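Working notes, beginning with the structure itself.
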Amino acid sequence: LKFSCPNPRSRRTGERHFGRTMAAFATGAAVAPAARLACPNGAARCRIEAATAYQPRAPLPSAAGAVAVAAVAAAAVGCLMGSLAGATRHTATGHRRRSRHTASRAAAAVTGALWAAPSRQLHFAARCAHGGAEVAADPSSLVLCFDFDGVIGDSVDESSEAAWRHAKERWPELDLGSFAEPFLAPMRKVRPVVETGWENTVLIRILAESGTEDSLINSILSSWEEMRNMRVQEWGLDPREMIREYGEVRDRWIAADQVGWLGRNRAYDGVTDVMQAMMRGGAEVFVITTKQKRFCAALLKDFGLHFPEEKLFALEDGPKTEDKLGTLKKVSALPDLSEIKLHLVDWGYNTEGDRSSVRSGSLGDISLITKADFQLLGLGRSWLDLNVA
C-alpha cells in the first residue's frame, strides 16, 4: 500500500497513522496496489492506493484479508484528522477556524466510514453548548455534530427499562420486582457515567443488590470505570455479548409495544426544531452516538426530524469516545484539534460539578451553553429566524 497527500499538515498525521497500521501487517503479507481512494482535502486531494489482491507469505488469521481496508481507513482517518485542526465534543457544537487557508475543510471520520465537506467551519455537539465562539455569516460554512443521548433526546427512562428487562433475563434469580419504575430515579442520577447502553444493565444489578443510597450513587459517579471493570470480571461478562443481548431486548420490546418504547423517550424542547433549521439553512449536520443505529434512526424519525441516515454515525460504524467532560478535556489538549470549539450543554446527562467546572472558565476553551445559546450556535442569530428561499 502507498499513501500520499499534498497537504504537509495533514500528510504528517496521515503517514503516521498509515505507518503504524502497516507495521503490524508488513511481515508475512504482500499486496498488489489497485483501486485508489481519494479524499477531499483543501484545494488538493490525498491519494491512498488500496489493494485488490492479498497474498500471504506465511499463515495469517482469516481476518488478515481486511488488512488493506484497515490500513486505508487508518491513513484516511489520520489524514482527515490532521486537516481538521479542531472539533467540538459533548452535547454542543464544535466550531472550526482556518485563518491561514482561504478554503477550509472539515471532516468527520469513523473507522469504516469517512466524510468530508468543502469550505466548512466545524462544530461538534455532544452534551455541549456554544458560548463565545466566533460566528459565521454564511450558514452553509458550518458543520455541526451532535451526540444523541442527553443532547437531542432524553432516553434515560427507556435505556433504564431496557436494562431492567435485560437484567431480568440474564439473572432471573435477582429480585428486580414486576416493574422498572423503582429504578428510574436512581438510574437518572448515575446516567452521566454511562458510555454504552449495556452498562445500564450492570448498574441495575448493582442498585438491586446494594440499594440506592446517596453514598452508593456518589461512589458510582466518582469511580464508575473501576467499579464496572471489577463487576465485569467478577460476573464473567463479555461486553460484546452484553451489547448484542441489550439490543435484542430492545428489538423484542419494540416488536411487542413500539408505542410504549417510543413513549419512554422524549426530545429535548426546541432542540430538533433548531437542528431542522440548521439543515434547511445549508449547514452540514451530523449525529455521532454510541447508540445502535436502528434505535437512534427510529427515535429521530419519531421526534419529527427528517435526518439522512448517511449522516448518522452510530455504534456499529466504528469505535468512538463518549461525550463526557473528561473527553472534552482530552480533546482540548490535542494540538491537532486546537481549532475545534468545545461545548457542554447545561441540560442532559452531566453533573453540577461538570457544569461548575466549565462555568468557572478553568477549562480553557470549553464553554457551557443553554438552550437559548443553542439557537444561536455558530450563527450569532437565531436559526429559527433564518429565512431560506
Side-chain angles (χ1 to χ4, degrees), residues 88-94 124-132 146-161 163 182-207 210-231 265-269 271 288-291 320-333 341-374 377:
T88 309
R89 272 194 81 69
H90 236 273
T91 299
T93 313
F124 185 86
R127 298 167 202 169
C128 306
H130 178 75
F146 301 90
D147 181 37
F148 181 85
D149 297 298
V151 179
I152 300 171
D154 180 2
S155 58
V156 67
D157 287 349
E158 181 277 329
S159 60
S160 298
E161 179 166 346
F183 292 95
L184 299 187
M187 286 293 287
R188 183 170 290 275
K189 292 179 181 178
V190 298
R191 179 57 181 80
V193 305
V194 174
E195 293 192 358
T196 309
W198 68 272
E199 293 177 78
N200 287 297
T201 305
V202 178
L203 284 167
I204 289 286
R205 178 170 174 177
I206 291 173
L207 294 172
S210 304
T212 59
E213 289 78 12
D214 287 345
S215 58
L216 176 62
I217 299 297
N218 292 334
S219 179
I220 291 172
L221 291 174
S222 63
S223 57
W224 170 239
E225 187 173 353
E226 179 182 354
M227 186 182 296
R228 178 200 62 205
N229 293 343
M230 183 172 67
R231 294 300 192 279
N265 300 271
R266 70 178 184 89
Y268 286 107
D269 293 341
V271 172
I288 303 176
T289 177
T290 55
K291 205 178 198 72
K320 303 167 193 66
T321 304
E322 177 66 351
D323 55 338
K324 297 191 289 187
L325 184 57
T327 301
L328 289 178
K329 293 177 182 177
K330 292 176 183 177
V331 172
S332 68
K341 298 302 178 182
L342 307 176
H343 311 277
L344 179 71
V345 295
D346 73 347
W347 64 90
Y349 313 138
N350 48 58
T351 67
E352 179 54 38
D354 292 338
R355 296 187 290 274
S356 296
S357 296
V358 176
R359 195 180 291 118
S360 70
S362 62
L363 300 181
D365 293 336
I366 302 174
S367 60
L368 186 70
I369 60 169
T370 65
K371 287 182 181 176
D373 299 321
F374 187 74
L377 191 59

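Quantities reported herein were computed from a predicted structural model and do not represent experimental measurements. Numbering starts at 1 and runs along the sequence shown.
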No-hydrogen, no-angle side-chain donor-acceptor test under 3.5 Å, Asp373 and Thr370: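 A donor-acceptor contact under 3.5 Å links the two side chains.
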Candidate pair Thr351 and Asp354, rule side chain to side chain donor-acceptor pair (under 3.5 Å), full reasoning: CA-CA 5 Å; Thr351 67; Asp354 292 338; 3.3 Å; yes
Between [atom1] on residue [X] and [atom2] on residue [Y], distance to nearest 0.5 Å:
{"X": "Asn200", "Y": "Met187", "atom1": "CG", "atom2": "CE", "value": "4.0 Å"}
{"X": "Leu203", "Y": "Leu216", "atom1": "CG", "atom2": "CG", "value": "9.0 Å"}
{"X": "Asn229", "Y": "Ser223", "atom1": "CG", "atom2": "OG", "value": "11.0 Å"}
{"X": "Lys189", "Y": "Leu184", "atom1": "NZ", "atom2": "CG", "value": "12.5 Å"}
{"X": "Asp346", "Y": "Ser367", "atom1": "CG", "atom2": "OG", "value": "11.0 Å"}
{"X": "Lys371", "Y": "Asp269", "atom1": "NZ", "atom2": "CG", "value": "5.0 Å"}

Nearest atoms (heavy-atom pairs only) where [X] meets [Y]:
{"X": "Ile217", "Y": "Thr212", "value": "CG1-O, 4.0 Å"}
{"X": "Val358", "Y": "Ile366", "value": "CG1-O, 3.5 Å"}
{"X": "Ile204", "Y": "Ser160", "value": "CD1-O, 4.0 Å"}
{"X": "Ser357", "Y": "Ser360", "value": "O-OG, 2.7 Å"}
{"X": "Ser222", "Y": "Ser219", "value": "OG-O, 3.2 Å"}

Under-4.0 Å salt bridge between Arg188 and Asp154: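 Asp154 and Arg188: salt-bridged.
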Sidechain-backbone polar pair: Tyr349 side chain, Val156 backbone, donor-acceptor under 3.5 Å: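 Side chain of Tyr349 to backbone of Val156: a pair is present.
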Non-hydrogen side-chain atoms of Val345 and Phe146 separated by less than 4.5 Å: no
Trp347 and Phe374, any side-chain heavy atoms less than 4.5 Å apart: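 Side chain of Phe374 against side chain of Trp347, heavy atoms only: contact under 4.5 Å found.
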Intermediate values then yes/no, side-chain contact (heavy atoms from CB on, under 4.5 Å), Met227 and Val193: CA-CA 11 Å; Met227 186 182 296; Val193 305; over 6 Å; no
Asp147/Thr290 under side-chain contact (heavy atoms from CB on, under 4.5 Å): CA gap, chis, key distance, verdict: CA-CA 9 Å; Asp147 181 37; Thr290 55; 5.7 Å; no
side-chain contact (heavy atoms from CB on, under 4.5 Å) evaluation trace for Ile206 with Trp224: CA-CA 11 Å; Ile206 291 173; Trp224 170 239; 3.7 Å; yes
Glu352: salt bridge (charged side-chain N to carboxylate O under 4.0 Å, His left out) partners, not counting sequence neighbours: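 Checked Glu352 against salt bridge (charged side-chain N to carboxylate O under 4.0 Å, His left out); matches are Arg355, Arg359.
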